[in-house]
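In what follows, a single structure is set out as structure tokens and then discussed.
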There are 2 protein chains.
Amino acid sequence: MSKSKLISPFKPAAHKHQECLQSAIVAAKTHCDAAGIRLTPIRQRVLELVWQNHEPVKAYDILDKLKQAKSSSAPPTVYRALDFLQDEGLVHKIESLNAYVGCGNPKELHKGQFFICHDCGFVAELDDDEIRDLLQKKAKRFGFEINDEMVEIKGYCQECRGSKK
Amino acid sequence: MSKSKLISPFKPAAHKHQECLQSAIVAAKTHCDAAGIRLTPIRQRVLELVWQNHEPVKAYDILDKLKQAKSSSAPPTVYRALDFLQDEGLVHKIESLNAYVGCGNPKELHKGQFFICHDCGFVAELDDDEIRDLLQKKAKRFGFEINDEMVEIKGYCQECRGSKK
DNA sequence: AAATGTTATGTTATAATATAACGTTTATGC
DNA sequence: GCATAAACGTTATATTATAACATAACATTT
């Protein structure tokens, strides 16, 4: 079946973000338990920091915050945790920003399509087979076999557009 | 009218690349003349280096080559030229690789969709309205106004797939 | 619990990518 | 020619990411 799922929708600026954060952590724990891998304290902490809001977070900003608790933290501390989280589908990298966002849908490994608001910085993640199928169809025309895809769309979200009028 | 144009197709490994290079330079000159802007020697040289082949080229690799002719070249030399060339649609940045590819279609400013072979490194550029329209349609559903888009697809080109079987 | 293998983390250094800031030169229009 | 803007030179530094090797934590077998 073809799916089109808004994994991380745009939300009112004042939504209850604690809930996003907590459900992401629960989902991550569940996923890691099921997969028999370890969500260590460092990894969980990095995941929490990525989920501080719905904006892409920079590796060195994460590092700064880690250092507040543990001054010995270094770049590899962060990048290793981010690598782990990406491998498990708990975090995505936004390539065009060199920044990272949480993913609330670790179960199926996927690469979503991202919509990023220039104004508020919010990122919405879509997991859409129609887009994927169309890219497949295009690729097929010249015999290309797809293995990985990055779709990052920038513009203005409804809320920010509204506030400008 | 809706277009789907393969701006830079995949090509046999042994295609006559001199022709790609030369026609790109001619197109760039024509474009700059028409627009009343200057394709200075540095800019032209950087463009030639980007067009050395159909693989994305790194800024510092360009710099190394510039230095061979003029040892005073520095990072800003390269990045300024790349910025200019990107603004004019003569070069695209592949965000997921931090690398740059030439574009043979400067006339209409656009952001293409890129297909990148993991094996040979070749990049094909597609300029396809069907993809763009679909992304528009998806965005519209949640009131998102698109302003910039990045589509980078990785996998294996026909030639490389063939050679593996 | 000792020995061992594996995974995760600590630590230092450095590579790779990109921009800031300011001065100088060069093109171009008047 | 001269004023102006555009392009370039130069030095320094910011930002992003990885290499390399040591140590610690945990798991498994004995």
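Please read these numbers as outputs of a predicted model, since none were measured by experiment. Throughout, a chain's letter reflects where its sequence line sits, starting with A, and its residues are numbered from 1.
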Could you tell me whether the side chains of A:Thr77 and A:Lys70 share a donor-acceptor contact shorter than 3.5 Å? no
Taken to the nearest whole Å, CD/A:Glu95 to P/C:dA18 is 12 Å
With the threshold set at 4.0 Å, does a side-chain nitrogen-carboxylate oxygen contact exist between B:Arg161 and A:Glu145? yes
If you define the side chain from C-beta out and look only at heavy atoms, does anything of B:Val101 sit under 4.5 Å from B:Val91? no
Partner residues of A:Gln18 under the side chain to side chain contact (heavy atoms under 4.5 Å, CB included) criterion, sequence neighbours left out: A:Leu21, A:Gln22
Just checking B:Tyr156 against A:Phe144, ring centres under 6.0 Å apart? no
If you count heavy atoms of other groups shown closer than 6.0 angstrom to CD of B:Gln86, is the number above 12? yes
Please work out which residues in residues 39-46 of chain A have a non-hydrogen atom less than 4.0 Å from an atom of DNA chain C and list them by number. A:Thr40, A:Ile42, A:Arg43
Write out a two-atom table: protein N or O, nucleotide N or O from nucleotides 24-30 of chain C, distance below 3.5 Å.
{"from": "C:dA27", "atom 1": "O3'", "to": "B:Arg38", "atom 2": "NH1", "distance (Å)": "3.3"}

Identified salt bridge (charged side-chain N to carboxylate O under 4.0 Å, His left out) counterpart of B:Lys138 within the set A:Asp128, A:Asp127, A:Asp129: A:Asp128
Scan residues 63-86 of chain B against DNA chain C and write down, sorted by residue number, each residue with any heavy atom closer than 4.0 Å; if none is found, say none. B:Pro75, B:Pro76, B:Tyr79, B:Arg80
Can you confirm whether or not the ring centre of B:Tyr100 sits under 6.0 Å from the ring centre of B:His92? no
At under 4.0 Å, does any side-chain N or O of B:Asn98 touch on OP1 or OP2 of C:dA16? no
Report yes if the side chains of B:His54 and B:His15 come closer than 4.5 Å at any heavy-atom pair, otherwise no. yes
Outermost DNA chain D nucleotides near chain B [under 4.0 Å, heavy atoms]: D:dA7 to D:dT11
note: B:Lys58, atom NZ; C:dT17, atom P; distance rounded to Å ~ 4 Å
Side-chain heavy-atom pair B:Lys67, B:Ser73 within 4.5 angstrom cut-off: yes
What do you reckon, are the aromatic ring centroids of A:Phe122 and A:Phe115 less than 6.0 Å apart? no
Ignoring hydrogens and geometry beyond distance, is a side-chain donor-acceptor pair present between B:His118 and A:Asn147 at under 3.5 Å? yes
Under 4.5 Å side-chain linkage, directly or through intermediates, the cluster mates of A:Val26: none
